[in-house]
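As the structure is a prediction and not an experimental result, all values here were calculated from the model.
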Amino acid sequence: MAITRTDWSERYTEGRGFRRLGDDEKDLIVEHAPAPEGGRALDVGCGTGETSAYLASLGYTVDGADFADGALEQARTDHPDAEVRWLCLDIERDDPAPLGNDLYDLVVFRLSVAFLNDRTRVLHALGRRLREGGTMLVITPLAAHTPAKKRHIALDEDEIAALTCGWTSVQRLAAGDLAALVLRGPCTDTVAMERSVPATGNAVAGALAVVTDEHGRVLLGWSKRGMWEAPGGKIDGAEPLDGAGVRELAEETGLHATGATVVSILTDAAQGVPRVTAVIRVAGFTGTLTTAEPEKFTRWEWHDPHGLGCLGPVFTPAANALDAVWPGVIPGLPPVNAYPTAAEMTPVPGEPAEAVRLRHRMADAVIAGGWAPSAVVQKALRTVPRHRFAPETDLKTAYDDDLAVVTRRDENGRATSSVSAAWLQADMAEQLQLKAGATVLEVGSGGYNAELLAHVLGERGRVVTVDVDRYVVQRTQRLCAEAGSGRVTLGSASA
């Protein structure tokens, strides 16, 4: 049973806390993360505040964050003079708005990271809040030194490998019987990795499931082969492609698909063996996520689409499957032949609370600038999930009202396709003076602008969008299928 916020608060209220901050840990912080002038630090899972107070004594301006009110109440009592901003925040699930926009020089997870389900996502997200040269410091018990009944508080070697994957610099140190991980540079490029295939195989046919949660995050597992993989495996006999993906999802994760569509067939080769991969988009699921095949996978985690480009090693077919669903999210992949299917699919919902907040903030800025005076355009700005039409970029950038998001460049690095600035798109929609139920032709595709127009036109309206770049057409088609209204039709145009 998961430990809740209430459970943790009661734990601290009853006077039960974690082990005290040791001298070895203090020395390690001083040596590897000394406070620069004006330095800021974030202590995640701060508990009763001992580490936060120590960081403040070193000269850091400190945010101490914990999701248990009882812990923060005790921290304020134990450290009344510490210059720490105490934040009640579930770093894994809550909107990170309380952290503000200022960057940190140091982020610390002391004895807390093992309690996170999506450790990789959280660490990378906070890594993007580090100043250049900033440090992520993880201090954790090791499973090898921890009694079996307390295994949940510690990490084993496979879990540490997954946690540190995707960082430019990883340094592992000892702090007594604890492991200290000093991480820098959270955006190592994703690298497509292969694994051995049967030497006797004439061809390999498999199905991979791409499944997202209620926050729009995609499920990947850290395999015993030392790479991220999507749920999936070989097709069993003559079973249908979507059935294979659904079966493998259940066998590996305990999740049962409530809808599945074949969105693409990929062909390539591994070690000279031809390979066919069916990409299965799962629209929804029931069940509880578990590591159902621990001999194959260490753990399963949910990842933000915009973070898929900096995960480190990813199994090549899984990387190509992710790119088939969100074209452009993983640059630099090896060549693959893709055959998108024409099957209709219903939109797949899901977005984090942060996206909703940022979308309303963007709309407020556009409206305040006078670019969207009409109620119908204002509503469209607040409704259409702009970030889902720029899945390769972070939420803050996607919802910057004054920025265009480049989504395709040519071989010389010049932008050839983009999502225009929100204020400009709103102004164009206003200038068109659209009537409900009309049909609009858009020349130059991308997805977001077409969906914005579709929302302005209403239920009986239609948008036909065309582009000379076949990749842009296919990308727009996929993104509109994922997050669209069903009222946008795609087509190719001659140059």
Side-chain angles (χ1 to χ4, degrees), residues 117-118 120-121 162 165-166 190-195 197 204-213 215-236 241-257 259-268 270 275-285 287 289-294 296-330 333-334 336 338 340-341 345 348 350 391-392 478 482:
N117 292 315
D118 299 336
T120 305
R121 173 178 61 81
C165 184
T190 289
V191 178
M193 296 284 288
E194 290 294 354
R195 60 192 194 208
V197 298
V204 176
L208 295 179
V210 178
V211 55
T212 47
D213 67 1
H215 305 295
R217 293 163 180 151
V218 64
L219 184 64
L220 295 175
W222 182 256
S223 75
K224 294 293 186 177
R225 304 177 181 91
M227 65 182 78
W228 293 104
E229 303 191 30
K234 294 180 182 178
I235 297 168
D236 187 5
L241 298 177
D242 53 352
V246 168
R247 173 182 56 77
E248 289 284 353
L249 176 67
E251 291 175 356
E252 293 179 347
T253 72
L255 301 182
H256 301 277
T261 303
V262 180
V263 297
S264 189
I265 305 295
L266 310 176
T267 65
D268 62 355
R275 178 168 55 192
V276 179
T277 305
V279 182
I280 314 302
R281 185 63 168 107
V282 174
F285 61 87
L289 180 62
T290 60
T291 305
E293 295 182 341
K296 296 181 181 179
F297 290 92
T298 297
R299 59 185 293 102
W300 292 93
E301 297 187 14
W302 299 98
H303 297 259
D304 289 314
H306 65 258
L308 295 176
C310 56
L311 284 181
V314 177
F315 183 39
T316 300
N320 285 323
L322 296 169
D323 193 69
V325 173
W326 301 290
V329 293
I330 305 179
L333 291 177
V336 64
T341 69
M345 63 174 287
V348 182
E392 61 273 84
R478 281 299 316 135
E482 285 282 311

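Each of D118, L255, T253 was checked for a side chain to side chain contact (heavy atoms under 4.5 Å, CB included) with W300, and the lone residue meeting it is T253.
Residues satisfying the side-chain hydrogen bond (donor to acceptor under 3.5 Å, both in side chains) criterion with E301, sequence neighbours excluded, are T120, R299. The side-chain contact (heavy atoms from CB on, under 4.5 Å) search around A278 returns A207, L241, I265, I280, not counting sequence neighbours. For D242, the salt bridge (Lys or Arg N to Asp or Glu O under 4.0 Å) criterion is met by no residue, not counting sequence neighbours. Not counting sequence neighbours, E252 has no partner by the salt bridge (Lys or Arg N to Asp or Glu O under 4.0 Å) test. Not a single ring pair (Phe, Tyr, Trp, His ring centres under 6.0 Å) links F315 to another residue, sequence neighbours left out. Among residues two or more places apart in sequence or in another chain, the side-chain contact (heavy atoms from CB on, under 4.5 Å) test is passed with T290 by A292. Remark: A257 engages V246, L249, V282 in a side-chain contact (heavy atoms from CB on, under 4.5 Å) (not counting sequence neighbours). With sequence neighbours left out, the ring pair (Phe, Tyr, Trp, His ring centres under 6.0 Å) criterion links W326 to no other residue. The side-chain contact (heavy atoms from CB on, under 4.5 Å) test applied to A192 returns T316, L333, P334, not counting sequence neighbours. Scored by the salt bridge (Lys or Arg N to Asp or Glu O under 4.0 Å) test, R247 finds E239, E251 as partners (sequence neighbours excluded). Listed by chain and residue number, R281 satisfy the side-chain hydrogen bond (donor to acceptor under 3.5 Å, both in side chains) test with T212 (two or more places apart in sequence, or in another chain).
Here the closest non-hydrogen pair linking V279 and A324 is CG2-CB, 4.2 Å. Listed here is the closest heavy atom pair of L322 and V218: CD2-CG2, 3.8 Å.
Residues in residues 223-233 take part in these side-chain hydrogen bond (donor to acceptor under 3.5 Å, both in side chains) pairs, two or more places apart or across chains: D158-K224, R195-E229, S223-E229, R225-E229.
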